[in-house]
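The next block holds one structure in the form of structure tokens; read it before the comments.
In what follows, chains carry the letters A, B, and so on, assigned in the order in which the sequence lines appear, proteins first and then strands, with residues in each chain numbered from 1.
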2 protein chains.
Amino acid sequence: MEDNLKKEAAPSLKTKNQKVDGRRAPKTKTKILDAAEALFSRRGFYGVSLRDIAAEAGVQLALSYYHFGSKEDLFGRVIERRAEENKQGLQASLQEALLVKGSQDVRRIAIIRAFIMPTIDKSLRFGTGWKNYIRLLAQIANFAQDEDYMAIYRKSFDQLVAEFVQALQDIHPEMNEDDVHWCFFFLQAAITHILVESTMLDRQSRGRIHASDLDLIADKMLVFFSAGFSGFQRK
Amino acid sequence: MEDNLKKEAAPSLKTKNQKVDGRRAPKTKTKILDAAEALFSRRGFYGVSLRDIAAEAGVQLALSYYHFGSKEDLFGRVIERRAEENKQGLQASLQEALLVKGSQDVRRIAIIRAFIMPTIDKSLRFGTGWKNYIRLLAQIANFAQDEDYMAIYRKSFDQLVAEFVQALQDIHPEMNEDDVHWCFFFLQAAITHILVESTMLDRQSRGRIHASDLDLIADKMLVFFSAGFSGFQRK
DNA sequence: GTCTATAATGGGATAGAC
DNA sequence: GTCTATCCCATTATAGAC
């Protein structure tokens, strides 16, 4: 994958990919992918036209077809682009959490944190591209799960979830296996909803809380969802 | 509002839509609304064409324009149709919960139950129309919050949420006001996600749990989310 | 690789007969 | 209220010059 991912599109003047102060201007392919990612993440697959994308990217319409083929293919490529890095980040995070020693509570919180922080970090601190990507994933989770191009991604993500669930299960041998699934499901549901950046919380709290304050959200989630698990313990 | 709502596109007698075994065939307007509701709830506003809707409803394309005007207008009417009944159901449910006496835990659970059960009931037991409607609302909450036709609905729903949050606050004078908002936000996020009927849980639990089993979900949610609140109590 | 031009289709919307 | 026919534009997609 030749696109610069980790550091965000990092544009500059000059075209034809000449180096400007050490950075390369984004290639056309990257510009199209970035634009598509941003737009799809806000209005969904059907809510965006290839003209919208070309305009947003500042390139000719035909170039999208030249580089990516059909609209569906482009969408698939947008998903694919950051999928592997995203997955590996979560896996590394889990491995680290498994090293944490301490009480059941401490280890449970470590694993929950390991699940939510990589995503929140990317959304918050890895630049606009990652922020859009995370929003796109969250939106897809709520929506077009059954599309063909999602099959590969889903499979890989489900595998990841299984690893987290297993880790929680290992800490909680006293818990019913299904209940661990339930708890993790509720956690996923909440983070998915939060990452679409709805303005709901802002409105409903009359401005005192902001859904965009993801660091605070992370704190509150840890408290709340760790306590949620404990609801199933006294059995 | 002349469409039959409470009992699902069913009952009544005649008119030019012939009686069939004691039931009146649904009017064209109702057929169009039902079809639009079903399709919008699955593929979103942009993912459905008026031709799709007309075909699904088994009516001529032009009739949609005759009865409802533009596509946006139709969408708005679909939202409107069940909005008032939905809201009143939730309000009545809250009033009943406020009568519950007992420990803090008992009263908290009563209020949480009052929030989730009317929606789950409608989705589960009021017929396909309501099921689709609930899914549509959940999808909108994740998506097109900023569309014009949502403004009225949003305002009314936010008011309702405020009543629930206030009720929880009254039970928990020891809790920080913001934290009550957080807890309720997490609850909303989860139920919203669940009601789009994702197949996620089914897959991830390898078939042992089904997201379509809403009665079981309700039980698990009560345990989990009530316990989540208690995470903020020991402060 | 990038551009212009255009084909081909789909879909929102309307006119007008019945 | 319902139907047929049609307008008209946006959109997907491609051909072909540069």
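The distance between atom CZ of A:F68 and atom P of C:dG1, rounded to the nearest whole Å, is 11 Å. Regarding B:R43, its CZ atom lies at a distance of 13 Å from the C1' atom of C:dG10, rounded to whole Å. If you take CG of B:L63 and C1' of D:dG1, they are 7 Å apart, rounded to a whole angstrom. Atom pair B:I53:CD1 and C:dA13:C1' shows a separation of 14 Å (rounding to whole Å applied). The OH atom of A:Y46 sits 13 Å away from the P atom of C:dG12 (whole-angstrom rounding). When the C1' atom of C:dA13 is taken as reference, atom CG of B:L74 falls 14 Å away, rounded to whole Å. In this structure, the NZ atom of B:K27 is 16 Å from the C1' atom of D:dT2, given to the nearest Å. Between B:K31 atom NZ and D:dC3 atom C1' there is a gap of 14 Å when expressed in whole angstrom units.
Under the 4.0 Å criterion applied to side-chain N and carboxylate O atoms, B:K27 and B:D34 are not assigned as salt-bridge partners. Ion pairing between A:E37 and A:R82 holds under the 4.0 Å rule for side-chain N and carboxylate O.
Between the side chains of B:Q91 and B:Q95, not a single donor N or O lies within less than 3.5 Å of an accepting N or O. Defined by atom type and a distance below 3.5 Å, a donor-acceptor pair is present between the side-chain atoms of B:Q88 and B:E84.
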Base versus backbone protein contacts along nucleotides 13-18 of chain D [heavy-atom cut-off under 4.0 Å; B, S, -]
BB----
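Proximity note for A:T28 (side chain, C-beta onward) versus D:dG1, C:dC3, C:dT2: the nearest is C:dT2.
Taking the centre of each ring, B:F126 and B:Y133 stay at or above the 6.0 Å mark.
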Could you list the donor-acceptor pairs under 3.5 angstrom formed between side-chain atoms of residues 185-193 of chain B and any protein atom two or more places apart in sequence or on another chain?
{"unit_1": "B:Q188", "atom_1": "OE1", "unit_2": "A:Q204", "atom_2": "NE2", "d": "3.4"}
{"unit_1": "B:Q188", "atom_1": "NE2", "unit_2": "A:Q204", "atom_2": "OE1", "d": "2.8"}
{"unit_1": "B:T192", "atom_1": "OG1", "unit_2": "B:Q188", "atom_2": "O", "d": "2.7"}
{"unit_1": "B:H193", "atom_1": "NE2", "unit_2": "A:N142", "atom_2": "OD1", "d": "3.4"}

